[in-house]
Asker: 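For reference, the structure I am asking about is given below.
Note that the numbering runs from 1 along the sequence shown for the chain.
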Amino acid sequence: MAEALENDLFDSKLVFVEDGDDQDTIFKQVSDRLLAAGAVKPDFYQHLSEREKNYPTGIDMSVVNPEYPNVAIPHTEGEFVNVRKVVPIRLEKPIEFANMIAPDQKLQVSFLFMILNNDPEGQANVLAQIMDFLTTSSAETLEKLFKAEDPATIYNILVTGFKK
């Protein structure tokens, strides 16, 4: 039962490989796609951008493995989304995010796990699942994920990796 719930976090149509020069460009591109898919509400982009400025989500992965690229876990309040999903986004080139732990520190981020969560109680749980995946997956799995070129490969790695 728990496996089905965890796999419900991913939708093969909501996995992206994006090219953009900055956070705002990436957020706008992905927000437009998510809106078109009915996953978010029209004001999602504005609130996502605002929340990222106030509560940065960049994660320094060098503490897990110096070889891993940094990641970010952007999200906003559940009232602006329609579903409970994790949207993986591989960036063609790194973009700057502020560090979640030390906001004055800027990180070059190459992979996003955007949380869409219309269940306010579940936000911390989804974040914990992502962190668990990042800290317990094999180096091979994460290397494949971070180097994947297409959404289908990313989706398959994550669906397999999130099975516990």
Asker: Hey, is the main chain of Gly78 close enough, under 3.5 Å, to the side chain of Asn118 for a donor-acceptor pair?
Answerer: no
Asker: Taking the side chain as C-beta and beyond, is there a heavy-atom pair between Ile130 and Ile115 under 4.5 Å?
Answerer: yes
Asker: For the residue pair Ile73 and Leu112, establish whether any side-chain heavy-atom pair is separated by less than 4.5 Å.
Answerer: no
Asker: Return the minimal non-hydrogen interatomic distance between Gly20 and Ile95, and the atom names on each side.
Answerer: O-CG2, 3.6 Å
Asker: Measure the spacing between OG of Ser31 and CD1 of Ile26 and express it to the nearest 0.5 Å.
Answerer: 10.5 Å
Asker: If you look at every heavy atom in Pro151 and Val17, which pair is closest and at what distance?
Answerer: CD-CG2, 4.0 Å
Asker: Hey, does Leu134 have a side-chain heavy atom less than 4.5 Å from the side chain of Val64?
Answerer: no
Asker: Does Pro74 reach the side chain of Leu48, with side-chain heavy atoms less than 4.5 Å apart?
Answerer: yes
Asker: Are Phe162 and Phe133 an aromatic pair, judged by ring center distance below 6.0 Å?
Answerer: yes
Asker: May I ask you to check whether Tyr68 and Asp60 show a side-chain donor-acceptor distance below 3.5 Å?
Answerer: no
Asker: After noting the C-alpha distance and the side-chain angles of Tyr45 and Asp24, does the key distance pass the side chain to side chain donor-acceptor pair (under 3.5 Å) rule?
Answerer: CA-CA 9 Å; Tyr45 163 71; Asp24 191 61; 2.4 Å; yes
Asker: Which pair of heavy atoms, one from Phe97 and one from Gly58, lies closest together, and at what distance?
Answerer: CB-CA, 4.2 Å
Asker: Within a strict 4.5 Å, meaning less than it, do heavy atoms of the Pro42 and Leu35 side chains meet?
Answerer: yes
Asker: Any chance you could measure Phe27, atom CZ, to Thr76, atom OG1, to the nearest 0.5 Å?
Answerer: 10.0 Å
Asker: Partners of Phe113 by ring pair (Phe, Tyr, Trp, His ring centres under 6.0 Å), sequence neighbours excluded?
Answerer: Phe111
Asker: So that I can tick it off, tell me whether Glu143 and Lys147 are bridged by a salt bridge, with the cut-off set at under 4.0 angstrom between side-chain N and carboxylate O.
Answerer: yes
Asker: To the nearest 0.5 Å, what is the distance between NZ (Lys41) and CZ (Phe80)?
Answerer: 8.5 Å
Asker: For the pair Lys28 and Asp32, find out whether any cationic side-chain nitrogen is under 4.0 Å from an anionic carboxylate oxygen.
Answerer: yes
Asker: Would you mind writing out the side-chain donor-acceptor pairs for residues 98-108 within the sub-3.5 Å range, not counting sequence neighbours?
Answerer:
residue	atom	partner	partner atom	Å
Asn99	OD1	Ile101	N	2.8
Asn99	ND2	Gln105	OE1	2.6

Asker: Decide yes or no on side chain to side chain contact (heavy atoms under 4.5 Å, CB included) for Ile59 and Met131, but give the supporting numbers first.
Answerer: CA-CA 10 Å; Ile59 296 172; Met131 294 309 297; 3.6 Å; yes
Asker: Got Arg90 and Ile154 here, is their nearest side-chain heavy-atom distance under 4.5 Å?
Answerer: yes
Asker: Should we say atom CD of Glu92 is surrounded by more than 12 heavy atoms from elsewhere, each under 6.0 Å from it?
Answerer: yes
Asker: Start with the C-alpha distance between Phe10 and Val87, add both sets of side-chain angles, then the distance that settles side chain to side chain contact (heavy atoms under 4.5 Å, CB included), and finish with yes or no.
Answerer: CA-CA 7 Å; Phe10 300 100; Val87 179; over 6 Å; no
Asker: Do the side chains of Pro88 and Leu158 get nearer than 4.5 Å, heavy atoms only?
Answerer: yes
Asker: Examine the side chains of Asn156 and Thr153 and answer whether a donor and an acceptor come within less than 3.5 Å of each other.
Answerer: no
Asker: Given the rule in the side chain to side chain contact (heavy atoms under 4.5 Å, CB included) test, do Glu50 and Asn54 qualify, once you have shown the distances and angles that lead to the verdict?
Answerer: CA-CA 6 Å; Glu50 200 59 37; Asn54 296 322; 3.9 Å; yes
Asker: Would you please test Arg84 and Val126 for side chain to side chain contact (heavy atoms under 4.5 Å, CB included) and show each step?
Answerer: CA-CA 9 Å; Arg84 185 172 185 265; Val126 175; 3.3 Å; yes
Asker: Who passes ring pair (Phe, Tyr, Trp, His ring centres under 6.0 Å) against Phe16, sequence neighbours left out?
Answerer: none
Asker: Give me the atom names and distance for the closest heavy-atom approach of Gln129 to Leu9.
Answerer: OE1-CD1, 3.5 Å
Asker: Would you call Glu18 and Arg33 a salt bridge, using N to O less than 4.0 angstrom?
Answerer: yes
Asker: CD of Glu96 to CG of Asp22: how many Å apart, nearest 0.5 Å?
Answerer: 10.0 Å
Asker: With rounding to the nearest 0.5 Å, note down the distance linking CD in Glu52 to CE in Met114.
Answerer: 8.5 Å
Asker: What pair of heavy atoms forms the shortest contact from Asp11 to Val15, and how long is it?
Answerer: O-CG2, 3.5 Å
Asker: Just how far is it from atom CG of Leu145 to atom OG1 of Thr141, taken to the nearest 0.5 Å?
Answerer: 9.0 Å
Asker: What I'd like to find out is whether the side chain of Asp19 reaches to under 4.5 Å of the side chain of Gln29, using heavy atoms alone.
Answerer: no
